[in-house]
Number of protein chains: 2
Amino acid sequence: MDILFYNGSFLPAEKISIDPSDRGFLLGDGVFDTMLSVDGNPLHDHAHFTRLKTHADIMGIPAPTMDLPRIAADLLKRNGFIKGRHAIRTTLSRGPAPRGLAIPETVNPTLMMRAFPVPDPPATIQVAIARTVRRNEGSVLSRIKSLNYGDSVLAMREAKQSGADDAILLNNRGEVCCLTASNIMIMEGDTIITPPLSCGVLDGIERGLIISSGQARKDVITVERLKAADAVFCVNSIIGKVKVLIQS
Amino acid sequence: MDILFYNGSFLPAEKISIDPSDRGFLLGDGVFDTMLSVDGNPLHDHAHFTRLKTHADIMGIPAPTMDLPRIAADLLKRNGFIKGRHAIRTTLSRGPAPRGLAIPETVNPTLMMRAFPVPDPPATIQVAIARTVRRNEGSVLSRIKSLNYGDSVLAMREAKQSGADDAILLNNRGEVCCLTASNIMIMEGDTIITPPLSCGVLDGIERGLIISSGQARKDVITVERLKAADAVFCVNSIIGKVKVLIQS
């Protein structure tokens, strides 16, 4: 049975109903996080939940005060996910509200946490550069994990239609940003380069760990530089680091 | 009682539950429409539902084959909304799906229609130019009514914090796009100008009617041009045309 944590309770999926006036559903008004658990142990859970709270704060959504790492550990146990690889997705929306964009004075955010078995990552993936969608470097939403993933959905759809596994997204200046759900890193000799957040890049946990350990440095990556790189990788918390082959 | 149309049935709001794996809630993967009804008569309903289907098609979401104008009329009657002004919001998401951005081979879209009493529009509104968010002219989502309204939510929040009623959004090139949920038109003498869709502008029904009647022409509007205009208006299907005063 698929047990979720939903607004304070552990419940089977079929007992959970999102309110039809939830602003997460109607307006993309929320944030989320996805982290990896290996053999029942969530990795970097405190970093993930700190980021979730930071991103909620940026959108002005009251952050949950519950002990999220404990809830995540409990969720894994209740689902029997004590061996192997699992993704834990935490979704926080602003919750149900009257019609309109303006934020009501009192809100009642929706908090949902769910765990999923995930396969081992592939050794390499084939990617295409998205033609129909650019990342929005001019919005703070491009740097936080908000529920507004429509651009990534469309870029992934375009990639699959061209026979690729994923897409590389450029921003409106034509600079390289990321894949649809992972950060990008290029190798130039022994140096690892990844774009700065100001390019319209999600503040990924795995990306942050690689930068803060001194393994990568931040710099703008043009398409020419991307194509001339000695190697290209995508990184996120679920897949780790996977080699990327760019379709010509 | 608040009656909604939901996946083929008319139901009271409290009986409706959005599936926790609905891609509309998790990823902003859907489209919507809002139209005005006056005294029980939806205005331009065929244009609204044709656009909804066009926007669904752009996202690759199977469009509903039901008679949406008939459902809208029925919804108003069942709620007793036969006098006065009402908004009818139709939401179409790609529906529940397994984890991930890739679109599954078979989808089961969620269709929801709800009606709301709406007040008369104000005579004028005060607006501020958004500083923290730009429209994404590089994404087709900026031209369609998708569920990804996070940028507008943040721009509206910023506007309210500065004491304004709404925000004007610029694109990444610094050109004027729209307000958070309405199109913008400026007057220069007797001429009405509105930005082309390529600026990152929603293809609004009211905007389209004004252009196709020959009342307005499309041109890029810079901030300088906006501030020098003889008058500024916002237009959408619910408010019609409302005068805009720009905060200095």
Side-chain angles (χ1 to χ4, degrees), chain A residues 4 6 13 16-30 32 34 58-60 87 89 91 93-94 98-103 110 112 114 116 118 132-142 146-157 160 166 170-173 180-181, chain B residues 4 6 13 16-30 32 34 58-60 87 89 91 93-94 98-103 110 112 114 116 118 132-142 146-157 160 166 170-173 180-181:
Chain A
L4 284 74
Y6 182 71
I16 289 169
S17 62
I18 311 291
D19 190 295
S21 61
D22 196 295
R23 288 172 61 106
F25 181 67
L26 299 175
L27 299 169
D29 194 7
F32 73 103
T34 310
I58 288 169
M59 292 194 75
R89 172 167 165 144
T91 305
S93 83
R94 207 182 303 265
R99 181 177 174 276
L101 287 172
I103 298 165
T110 298
M112 183 168 88
R114 189 172 195 169
F116 306 83
V118 287
T132 57
V133 183
R134 299 285 176 114
R135 290 283 288 189
N136 187 5
E137 70 274 20
S139 169
V140 66
L141 290 189
S142 67
S146 88
L147 298 177
N148 299 267
Y149 259 56
D151 283 335
S152 280
V153 169
L154 291 188
M156 177 62 97
R157 178 169 179 253
K160 296 280 187 187
D166 204 335
L170 311 181
N171 64 19
N172 287 284
R173 295 191 293 261
T180 60
Chain B
L4 284 74
Y6 182 72
I16 290 169
S17 61
I18 311 290
D19 190 296
S21 61
D22 196 296
R23 289 173 60 107
F25 180 66
L26 299 174
L27 299 169
D29 193 9
F32 73 103
T34 311
I58 287 168
M59 292 194 75
R89 171 164 166 147
T91 305
S93 84
R94 207 181 303 265
R99 182 178 173 274
L101 286 172
I103 297 165
T110 299
M112 182 167 88
R114 189 171 196 171
F116 306 83
V118 287
T132 58
V133 183
R134 299 284 176 115
R135 290 282 289 189
N136 187 7
E137 70 273 21
S139 169
V140 67
L141 291 190
S142 67
S146 89
L147 298 177
N148 300 266
Y149 259 56
D151 283 334
S152 281
V153 169
L154 292 188
M156 178 61 96
R157 179 170 178 253
K160 296 281 187 186
D166 204 337
L170 311 181
N171 64 19
N172 286 284
R173 295 191 294 261
T180 60

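Here is the naming used below: chain letters follow the sequence lines, and residue numbers restart at 1 for every chain.
Using a 4.5 Å cut-off between heavy atoms, A:Met156 contacts chain B through its side chain alone, with no backbone atom that close. Only the backbone of A:Arg135 comes within less than 4.5 Å of a heavy atom of chain B; no side-chain atom from C-beta onward does. Residue A:Ala87 touches chain B through its side chain alone, counting heavy-atom pairs closer than 4.5 Å. In this structure, the portion of A:Asp29 lying under 4.5 Å from any heavy atom of chain B is its side chain and not its backbone. Looking at A:Thr110, the atoms closer than 4.5 Å to chain B (heavy atoms on both sides) all sit in the side chain, from C-beta outward. Residue A:Asp166 does not touch chain B at all, counting heavy-atom pairs closer than 4.5 Å. Both the backbone and the side chain of A:Ile16 have a heavy atom closer than 4.5 Å to some heavy atom of chain B. For A:Thr132, the part lying near chain B is the backbone, with the side chain staying farther off; criterion is any non-hydrogen pair under 4.5 Å. Of the atoms belonging to A:Leu154, it is side-chain heavy atoms, and not backbone ones, that fall under 4.5 Å from chain B. Neither the backbone nor the side chain of A:Leu170 comes within contact range of chain B; no heavy atom of the residue lies under 4.5 Å from a heavy atom of that chain.
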Could you walk me through whether B:Val118 and A:Arg99 pass the side-chain contact (heavy atoms from CB on, under 4.5 Å) test, one step at a time?
-> CA-CA 9 Å; B:Val118 287; A:Arg99 181 177 174 276; 3.7 Å; yes
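Between A:Leu26 and B:Leu147, the shortest heavy-atom contact is O-CD2, 3.8 Å.
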